[in-house]
Engineer: 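Sharing a structure with you now.
Proteins get letters first, then strands, A, B, ... in listed order; numbering begins at 1 in each.
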Protein chains: 2
Amino acid sequence: METLLKVLKEKGYKITPQRIAIYRVLNNTKEHPSAEIIYKKLEKEFPTMSLATIYKTLEIFKKSGLVQELNVGENSFRYDANVKDHPHIICLKCNKVDDLPENLFTHLKDEVGKVSDYKVLSKQLYFYGYCPVCKGE
Amino acid sequence: METLLKVLKEKGYKITPQRIAIYRVLNNTKEHPSAEIIYKKLEKEFPTMSLATIYKTLEIFKKSGLVQELNVGENSFRYDANVKDHPHIICLKCNKVDDLPENLFTHLKDEVGKVSDYKVLSKQLYFYGYCPVCKGE
DNA sequence: TTTAAATGGATAATTATTTTCTTTTAAGAA
DNA sequence: TTCTTAAAAGAAAATAATTATCCATTTAAA
């Protein structure tokens with residue numbers, strides 16, 4: 001949370017209750033919520049906050065490196081306050097999105113650089129299957 | 001192309017000029033076009049074809065395993081007639097999407113299965129950077 | 001050739017996201 | 001602490017991609 005305050009100040013953005021709340025939601029969950037979900041989680045505490053504020057805030061967070069945007073193949077984006085480069089795994093039945101260990105596959109970027117002629121900067125790795133709960137059904 | 005005819009027949013879908021044309025576009029390109037792009041590529045040949053037809057057809061192709069849908073982080077999907085599980089690399093400047101060799105990283109699914117308690121079925125690997133053209137600028 | 005079922009095309013409807021505009025607020029200056 | 005003001009919030013309208021609906025037409029199987 002100090003991270004949030006420090007970064008916002010650094011970049012010249014104002015520190016507002018809404019921004020703090022949105023960051024808190026993201027920082028306290030492992031579930032990689034969408035804008036809509038964040039909105040619902042905060043509607044009791046901030047009854048007047050609009051979805052536009054969520055989107056604008058997420059945009060700022062993204063630009064500032066405070067969150068990363070995930071594209072797991074749904075019709076909306078999800079957000080993760082863990083900005084370290086780490087893979088995700090998605091349950092095809094319950095649509096849960098879990099983290100995978102960050103140290104898994106750290107070497108892949110270099111290998112791709114060798115075979116591709118691209119200057120490789122980042123990656124997004126998504127695995128799909130059935131989660132521990134759903135695979136038993 | 002025989003694949004298309006065989007699969008459609010197998011699954012009980014009718015073979016129509018539009019479907020053949022859409023599959024032809026996808027099968028003859030490496031550029032992973034979106035629905036919109038496919039639409040534009042075919043508008044001379046099929047001036048009356050609507051975008052809805054493209055979307056409906058892509059849905060059928062997807063369900064039938066004739067194409068795969070890519071989610072490279074844009075606001076629209078891209079489509080690939082190469083349904084083999086292979087990684088992609090996206091240029092952050094010109095937005096080109098290239099294929100990476102299929103045999104790269106075939107073992108990853110098993111490794112994830114070991115550490116995750118998921119039953120892992122598939123994966124999507126996206127790398128980001130600058131393409132050979134753009135990296136020189 | 002016949003005919004039921006599937007498809008295509010036009011259009012309206014959805015859904016996620018972005019923009020616009022007005023009011024409110026955070027943060028530094030006085 | 002109060003004042004000032006640019007930035008932010010909120011409401012509502014606008015976009016853009018995608019999906020659904022409806023009906024005339026086409027396809028494929030008998």
Engineer: Rounded off to whole Å, could you give me the CG-to-P distance for the A/Leu8 and D/dA7 pair?
Structural biologist: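 Distance check: A/Leu8 CG to D/dA7 P gives 15 Å.
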
Engineer: Can a donor-acceptor pair be found, under 3.5 Å and without considering hydrogens, that links the side chain of A/Ser64 to the backbone of A/Ile60?
Structural biologist: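 Yes.
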
Engineer: Output the rounded distance in Å from CD (B/Glu69) to C1' (D/dT18).
Structural biologist: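 Rounded to whole Å, this separation is 11 Å.
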
Engineer: Starting at OH of A/Tyr55 and ending at P of C/dT17, how long is that distance when rounded to a whole Å?
Structural biologist: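 Those two atoms, OH and P, are 3 Å apart.
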
Engineer: Can you get from A/Phe46 to A/Leu4 by hopping between Ile, Leu, Val, Met, Phe, Trp and Tyr side chains that sit under 4.5 Å apart?
Structural biologist: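 Both belong to a single hydrophobic cluster.
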
Engineer: Of all of residues 12-46 of chain A, which get a heavy atom below 4.0 angstrom from DNA chain D, listed by number?
Structural biologist: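 Heavy-atom cutoff 4.0 Å gives A/Tyr13, A/Lys14, A/Thr16, A/Gln18, A/Arg19.
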
Engineer: Starting from P on D/dA12, measure out to CE on A/Met49 and report it in whole angstrom.
Structural biologist: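 Those two atoms, CE and P, are 17 Å apart.
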
Engineer: Reading DNA chain D from 5' onward, which residue's closest nucleotide shows up sooner: B/Leu51 or A/Thr48?
Structural biologist: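 Its nucleotide being nearer the 5' end, the pick is A/Thr48.
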
Engineer: Classify A/Thr53 by what it touches in the nucleic acid, base, sugar-phosphate, or nothing, heavy-atom distance under 4.0 Å.
Structural biologist: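 The answer is base, as A/Thr53 lies within the cut-off (heavy atoms under 4.0 Å) of a base atom.
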
Engineer: Verify whether one side chain among A/Gln68 and A/Tyr79 offers a donor that lies under 3.5 Å from an acceptor in the other.
Structural biologist: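 No, no side-chain donor-acceptor pair sits under 3.5 Å.
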
Engineer: Are a donor atom and an acceptor atom from the side chains of B/Asp80 and B/His86 found within less than 3.5 Å of each other?
Structural biologist: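 On atom types as modelled, these side chains qualify, holding a pair under 3.5 Å.
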
Engineer: Taking CG from A/Asn75 and P from D/dA20, how many angstroms apart are they, rounded to a whole number?
Structural biologist: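 About 11 Å, once rounded to whole Å.
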
Engineer: Could you state the atom-to-atom distance from CD of B/Glu59 to C1' of D/dA17 in whole Å?
Structural biologist: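 Answer to the nearest Å: 14 Å.
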
Engineer: Using the side-chain heavy atoms of B/Ser76, tell me which of these nucleotides is nearest: C/dA16, D/dG10, D/dT18.
Structural biologist: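 Closest of the options to the side chain of B/Ser76: D/dT18.
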
Engineer: Is there a donor-acceptor contact under 3.5 Å from the side chain of A/Lys135 to the main chain of B/Asp117?
Structural biologist: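 Judged by distance alone, yes, a pair lies under 3.5 Å.
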
Engineer: Side chain of B/Ala52: nearest nucleotide among D/dA20, D/dA11, C/dG9?
Structural biologist: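 Closest nucleotide to the B/Ala52 side chain: D/dA20.
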
Engineer: Nearest whole angstrom, please: distance from the C1' of C/dA16 to the CZ of A/Arg78.
Structural biologist: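 Whole-Å distance recorded here is 14 Å.
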
Engineer: Do A/Arg78 side-chain atoms and A/His32 backbone N/O form a donor-acceptor pair below 3.5 Å?
Structural biologist: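 Flag set: sc A/Arg78 to bb A/His32 pair under 3.5 Å.
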
Engineer: Figure out the CD/C1' separation between A/Glu74 and C/dT17, and round it to whole Å.
Structural biologist: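 It works out to 16 Å between those atoms.
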
Engineer: With a 4.0 Å cut-off on N to O distance, would you call B/Lys96 and B/Asp98 a salt bridge?
Structural biologist: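 Yes, charged N to carboxylate O under 4.0 Å.
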
